[in-house]
Enquirer: 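One structure, pasted below without further comment.
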Amino acid sequence: MTRIRLIRLMGATGTGKTGAALALAEAFGGAVVNVDSRQVYAGLAVLTAQPTASEQARCPHALYGDTPLSEPVAAGDFARRARVAVADFAAQGYLPLLVGGTGLYFRAIAGGLAPIPPVPAAVRQDMRRQWDSLGPAAMHARLTAVDPDSAAKIAPNDRQRVTRALEVLTATGKPLSCWHREPDPEAPDYDSLTLGLGLPLADLVPRLAARIEAMVAAGAVEEVRRALETYAETVPGLSGIGGPELIGFLTGRLDLEAAKAAWLANTRAYAKRQMTWFRKEPDIQWFAPGEHQAMFEVVRAWLDRSAA
RNA sequence: GCCGAGGUAGCUCAGUCGGUAGAGCAGGGGACUGAAAAUCCCCGUGUCGGCAGUUCAAUUCUGUCCCUCGGCA
């Protein structure tokens with residue numbers, strides 16, 4: 001079996017990944033695989049900036065809007081689904097384009113996750129409950145006793161990581177730090193080109209503000225209102241940026257201007273975190289939004305080289 | 001106009017029984033192995049509303065003025 005050749009396109013929110021992906025797909029016979037933890041959810045197409053129906057009609061797309069808001073998505077599951085989509089597209093003769101803004105998922109897809117079996121929901125719930133009643137100091141001390149290597153790496157206040165480490169040990173009998181020394185046996189060996197879309201935060205912020213206005217105009221508020229008819233406010237799919245802010249507006253806790261201001265501030269902070277992550281991505285080649293021609297040249301050169 | 005409550009970090013506020021001040025949020029930087037649009041770590045000098053007075057020393061006490069918000073007119 002030959003190595004699957006694919007392009008990875010990453011960048012902070014609002015840098016024009018969707019448009020660039022379509023341009024690449026049309027120029028090189030590509031098919032798009034989502035690598036975004038929120039765009040997988042159904043029912044929030046506007047709020048999560050999924051490609052529109054007409055955009056998705058321009059080339060094959062996978063993993064967009066196919067998961068109910070009530071369902072948690074774990075990085076491992078996502079990676080497995082993405083690998084399947086990549087293999088399918090490649091088998092059909094398309095050039096797979098992994099496109100998105102979730103750094104962890106990019107890493108997980110290419111093989112960064114240890115083969116840890118799923119932790120039962122009951123164990124996770126129990127561990128979170130213990131955290132809430134015992135507090136960070138006690139829980140971190142407990143982790144230090146049973147898995148000192150993990151404890152040394154995890155900040156005491158980091159509820160998510162401390163409980164995760166304890167959950168894994170409880171569910172599997174093996175410390176998380178041991179698991180992390182094991183490679184992923186399912187890790188694919190892709191031949192990949194990594195492209196980044198970026199611009200300075202100060203230049204990105206006005207675009208993000210404009211995008212929020214556009215989302216509101218396109219019905220983001222109505223979308224959340226409809227989601228609340230079926231789902232609870234606390235459902236995983238509604239936890240993305242914009243969700244809590246618009247819920248605040250819909251329940252009268254915030255006026256629309258305040259909701260939009262918080263939404264923008266959170267989006268901005270998120271973009272900053274994404275940049276921090278992608279900045280150190282190895283072998284990434286950066287482009288400004290809309291710089292499609294320069295990107296095409298790099299892709300063309302890469303395709304020629306790997307074809308030879 | 002009168003009576004009350006306030007004017008302290010970009011915002012919301014705490015505090016100093018007189019020795020020039022600190023939280024949350026915002027902002028900046030960073031981390032990141034199954035919640036990742038998540039979670040966490042580091043970074044705080046600002047005429048403490050103006051002016052006078054008392055004092056070795058005032059953001060803190062006193063007087064006065066200005067402004068804001070309530071209530072009464």
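So that the names make sense, note that chain A is the first sequence line, chain B the second, and so on, each numbered from 1.
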Enquirer: Less than 4.0 angstrom from a charged side-chain N to a carboxylate O is my criterion; do R5(A) and D191(A) meet it?
Expert: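 Not counted as a salt bridge, because no side-chain N and carboxylate O are separated by less than 4.0 Å.
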Enquirer: Mind checking if T102(A) touches a base, just sugar-phosphate, or nothing, with heavy atoms under 4.0 Å?
Expert: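 Here T102(A) touches the backbone only, sparing every base.
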Enquirer: Give a yes-or-no answer on whether the side chains of T194(A) and D283(A) include a donor-acceptor pair shorter than 3.5 Å.
Expert: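 Short answer, no.
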Enquirer: Is L143(A) isolated, or which residues cluster with it under the ILVMFWY side-chain rule of less than 4.5 Å, directly or via members?
Expert: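 The other cluster members (ILVMFWY side chains, heavy atoms under 4.5 Å, direct or chained) are M127(A), W131(A), L134(A), M139(A), V146(A), I154(A), V162(A), L166(A), L169(A).
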Enquirer: Which donor-acceptor pairs under 3.5 Å do side chains of residues 264-276 of chain A form with protein atoms, sequence neighbours excluded?
Expert:
{"from": "N266(A)", "atom 1": "ND2", "to": "E245(A)", "atom 2": "OE2", "distance (Å)": "2.6"}
{"from": "N266(A)", "atom 1": "ND2", "to": "A262(A)", "atom 2": "O", "distance (Å)": "3.1"}
{"from": "T267(A)", "atom 1": "OG1", "to": "W263(A)", "atom 2": "O", "distance (Å)": "2.6"}
{"from": "Y270(A)", "atom 1": "OH", "to": "Q274(A)", "atom 2": "NE2", "distance (Å)": "2.7"}
{"from": "Q274(A)", "atom 1": "OE1", "to": "T13(A)", "atom 2": "N", "distance (Å)": "2.8"}
{"from": "Q274(A)", "atom 1": "NE2", "to": "G101(A)", "atom 2": "O", "distance (Å)": "2.9"}
{"from": "T276(A)", "atom 1": "OG1", "to": "K272(A)", "atom 2": "O", "distance (Å)": "3.0"}

Enquirer: Nearest-nucleotide wise, let me know which of A49(A) and D77(A) is further upstream toward the 5' end of RNA chain B.
Expert: D77(A)
Enquirer: Quick one: side chains of residues 81-100 of chain A, donor-acceptor pairs under 3.5 Å with protein atoms, not counting sequence neighbours, listed by atom name and distance.
Expert:
{"from": "R81(A)", "atom 1": "NH2", "to": "D66(A)", "atom 2": "OD1", "distance (Å)": "3.0"}
{"from": "R81(A)", "atom 1": "NH2", "to": "D66(A)", "atom 2": "OD2", "distance (Å)": "3.4"}
{"from": "R81(A)", "atom 1": "NH2", "to": "T67(A)", "atom 2": "OG1", "distance (Å)": "2.9"}
{"from": "R83(A)", "atom 1": "NE", "to": "I109(A)", "atom 2": "O", "distance (Å)": "2.9"}
{"from": "R83(A)", "atom 1": "NH2", "to": "A108(A)", "atom 2": "O", "distance (Å)": "2.8"}
{"from": "R83(A)", "atom 1": "NH2", "to": "I109(A)", "atom 2": "O", "distance (Å)": "3.3"}
{"from": "R83(A)", "atom 1": "NH2", "to": "D184(A)", "atom 2": "OD2", "distance (Å)": "3.2"}
{"from": "Q92(A)", "atom 1": "NE2", "to": "D88(A)", "atom 2": "O", "distance (Å)": "3.2"}

Enquirer: Under 4.0 Å, counting only non-hydrogen atoms across every strand here, what does T48(A) touch: a base, just sugar-phosphate, or nothing?
Expert: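 The answer is base, as T48(A) lies within the cut-off (heavy atoms under 4.0 Å) of a base atom.
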Enquirer: Would you say the side-chain atoms of Q56(A) pair up with the backbone N or O of P51(A), donor to acceptor, closer than 3.5 Å?
Expert: yes
Enquirer: For L22(A), what are the other residues in its hydrophobic cluster, where any two members join if their side-chain heavy atoms are less than 4.5 angstrom apart?
Expert: none
Enquirer: Counting only non-hydrogen atoms, which of residues 174-186 of chain A are less than 4.0 Å from RNA chain B?
Expert: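 RNA chain B contact set from residues 174-186 of chain A: H180(A).
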Enquirer: What residues in residues 261-284 of chain A put a non-hydrogen atom under 4.0 Å from any atom of RNA chain B?
Expert: A265(A), R268(A), Y270(A), K272(A), R273(A), T276(A), W277(A), R279(A), K280(A)
Enquirer: The side chain of A114(A) is closest to which nucleotide in this list: A35(B), U33(B), A37(B)?
Expert: U33(B)
Enquirer: Indicate, with a heavy-atom threshold strictly under 4.0 Å, whether F78(A) touches base, sugar-phosphate, or nothing.
Expert: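 Nothing: the residue F78(A), judged by heavy atoms under 4.0 Å, touches no strand.
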Enquirer: Within the 4.0 Å heavy-atom criterion, would you say G103(A) contacts the bases, only the backbone, or no part of the nucleic acid?
Expert: nothing
Enquirer: Applying a 4.0 Å non-hydrogen cut-off, can you work out what Q39(A) is touching in the nucleic acid: base, sugar-phosphate, or nothing?
Expert: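 Base contact.
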Enquirer: With a 4.0 Å cut-off, would you call E297(A) and R300(A) a salt bridge?
Expert: no
Enquirer: Where does G34(B) fall, syn or anti, if syn means a chi angle no more than 90° from 0?
Expert: syn
Enquirer: Could you name each residue pair satisfying side-chain hydrogen bond (donor to acceptor under 3.5 Å, both in side chains) that touches residues 14-34 of chain A, not counting sequence neighbours?
Expert: E26(A)-R58(A)
Enquirer: Enumerate the residue pairs fulfilling side-chain hydrogen bond (donor to acceptor under 3.5 Å, both in side chains) with a member in residues 117-126 of chain A, sequence neighbours excluded, ordered by first and then second residue.
Expert: R124(A)-E167(A), D126(A)-Q130(A)
Enquirer: Pairing of RNA chain B as dot-bracket, 5' to 3': ( ) intra-strand, [ ] crossing, | other strand, . unpaired, with Watson-Crick or G-U pairs under 3.5 Å?
Expert: (((((((..((((.....[..)))).(((((.......))))).....(((((..]....)))))))))))).
Enquirer: For A36(B), take OP1 and OP2 only and decide whether either is under 4.0 Å from a side-chain N or O of R161(A).
Expert: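 Checking A36(B) against R161(A), no side-chain N or O comes under 4.0 Å of OP1 or OP2.
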Enquirer: Between E55(A) and T52(A) (side chain of the first, backbone of the second, donor and acceptor by atom type, cut-off under 3.5 Å), is there such a pair?
Expert: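 Yes; judged by distance alone, with no hydrogens or angles, the pair exists.
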Enquirer: Under a 4.0 Å heavy-atom cut-off, which of residues 220-255 of chain A touch RNA chain B?
Expert: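 Within this stretch, S239(A), G240(A), I241(A) sit under 4.0 Å of the strand.
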Enquirer: Please list residues of residues 192-208 of chain A whose heavy atoms come under 4.0 Å from any atom in RNA chain B, ordered by number; otherwise none.
Expert: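 Those residues are L201(A).
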Enquirer: Taking any heavy-atom pair under 4.0 Å as a contact, classify V73(A): base, sugar-phosphate, or nothing.
Expert: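 The residue V73(A) makes sugar-phosphate contact but no base contact.
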Enquirer: Does G34(B) have OP1 or OP2 under 4.0 Å away from a side-chain N or O of R164(A)?
Expert: yes
Enquirer: Answer yes or no: is there a donor N or O on one side and an acceptor on the other, between the side chain of Q39(A) and the main chain of T48(A), under 3.5 Å?
Expert: yes
Enquirer: Using a cutoff of under 3.5 Å, can you pull out all pairs of nitrogen or oxygen atoms linking the protein to nucleotides 41-44 of chain B, with atom names and distances?
Expert:
{"from": "C41(B)", "atom 1": "OP1", "to": "N157(A)", "atom 2": "ND2", "distance (Å)": "2.8"}

